[in-house]
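Notes for the one structure printed next.
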Amino acid sequence: MKTKIDQVLITEEEIQAKVAELGKRVTHDYQGRTPLLVCVLKGGLIFMADLVRHIDLPLEVDFMAVASYGPETQSSGVVQILMDLEVNIEGRDVLIVEDIIDSGHTLQYITQNLRTRNPQSLRICTLLDKAARREVEIPLDYVGFVIPDVFVIGYGLDYQEHYRNLRYIAVLKPEVHR
Ligand code: IMP
Ligand code: MG
């Protein structure tokens with residue numbers, strides 16, 4: 001299973017410390033409110049599960065699944081909702097929980113779509129930010145780690161649906177996906 005891994009980029013300990021810190025910030029920023037955390041499946045699954053346990057507030061969770069089309073490891077900006085939210089977000093304080101922002105196309109589509117449903121507030125929390133690859137500008141409210149332009153796997157992130165269960169974030173060997 002480890003043969004396609006080049007190197008560990010972020011260790012389990014570093015991830016856990018960062019998630020705890022982000023949870024504290026969210027707890028502080030949403031005092032007196034009941035945020036609705038929207039997990040973008042499937043990549044956001046592990047991050048969401050850990051993050052909510054570091055938020056000391058009443059909160060709700062919901063899930064959304066999208067597909068972005070393009071070549072294997074690139075997103076084109078064509079996004080389709082595979083599974084929509086269950087909850088009506090009108091008037092809610094919505095916090096989107098994402099694994100990684102790359103070109104930004106997927107998140108731009110999601111935020112534009114959710115905004116039309118009139119939430120009270122809409123913020124973004126992403127574990128990873130591949131900032132150098134951004135093609136559309138998106139204000140990010142909570143960012144775990146800014147990472148270089150490498151393809152990463154683990155802690156929810158996949159390569160062809162595998163490796164989501166790694167407890168750390170690793171770089172895929174470049175020859176695997178180029
Ligand atoms: P964007 O639309 O280009 O921002 O792409 C966002 C989506 O592409 C993420 O939600 C991931 O599913 C996927 N993605 C982008 N970079 C990586 C990576 O390095 N590893 C795994 N998935 C990635
Ligand atoms: Mg993915």
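First listed ligand is number 1; within each ligand, the first listed atom is number 1.
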### Task
Please check if Ile153 and Val8 belong to a single hydrophobic cluster, counting links between Ile, Leu, Val, Met, Phe, Trp and Tyr side chain heavy atoms closer than 4.5 Å.
yes
#### Entry: Within residues 47-62 or reaching into it, pairs that qualify as salt bridge (charged side-chain N to carboxylate O under 4.0 Å, His left out) - sequence neighbours excluded
Asp50-Arg53, Glu60-Arg92
### Task
Check ligand 1 against Asp99 and write out every atom of the ligand that is under 4.0 Å from a heavy-atom position of the residue.
9 (C), 10 (O)
### Summary
Here the atoms of ligand 1 under 4.0 Å from any heavy atom belonging to Lys130 are 16 (N), 17 (C), 18 (C), 19 (O)
### Message
Please check whether Val152 reaches ligand 1 - meaning an N/O of the residue sits under 3.5 Å from an N/O of the ligand, judged on distance alone.
### Response
yes
### Query
Looking at ligand 1, does any of its N/O atoms fall within less than 3.5 Å of an N/O of Ser68?
no
### Query
Should one rank Val136, Leu9, Ile100 by closest heavy-atom distance to atom 9 (C) of ligand 1, which comes out on top?
Ile100
### Task
Report the part of Leu107 in contact with ligand 1, treating N, CA, C, O as backbone and CB onward as side chain, heavy atoms under 4.0 Å; options are side chain, backbone, both, neither.
neither
### Query
Linking I/L/V/M/F/W/Y whenever their side-chain heavy atoms sit closer than 4.5 Å, directly or via other members, would Ile124 and Ile81 fall into one cluster?
yes
### Query
Honestly curious: do Val150 and Leu128 fall in one hydrophobic cluster under the side-chain, below-4.5 Å linking rule?
yes
### Task
State whether the shortest distance between N or O atoms of Phe151 and N or O atoms of ligand 1 falls below 3.5 angstrom.
no
#### Entry: Numbered atoms of ligand 1 (with element) below 4.0 Å of Asp158, judged on heavy atoms
21 (C)
### Query
Backbone, side chain, both or neither: what part of Glu98 comes under 4.0 angstrom of ligand 1, heavy atoms only?
side chain
### Query
Could a heavy atom of Arg133 be found less than 4.0 Å from some atom of ligand 1?
no
Can I get a per-line list of side-chain donor-acceptor pairs under 3.5 Å for residues 39-46, giving both atom names and the distance, sequence neighbours left out?
residue: Lys42; atom: NZ; partner: Glu161; partner atom: OE1; Å: 3.0

### Message
Would you say CZ of Arg167 has more than 12 non-hydrogen atoms from neighbouring residues, nucleotides or ligands within 6.0 angstrom?
### Response
no
### Query
Is it the side chain (CB and beyond), the backbone, both or neither of Val150 that lies under 4.0 Å from ligand 1, heavy atoms counted?
backbone
### Within 45° cone and under 6.0 Å: Lys4 NZ/CZ vs Tyr159 ring
no
### Task
Would you please test Arg134 and Asp129 for salt bridge (Lys or Arg N to Asp or Glu O under 4.0 Å) and show each step?
CA-CA 9 Å; Arg134 199 63 32 82; Asp129 177 10; 2.3 Å; yes
### Task
May I ask you to list the atoms of ligand 1 that are less than 4.0 angstrom from any heavy atom of Thr106?
1 (P), 2 (O), 5 (O), 6 (C)
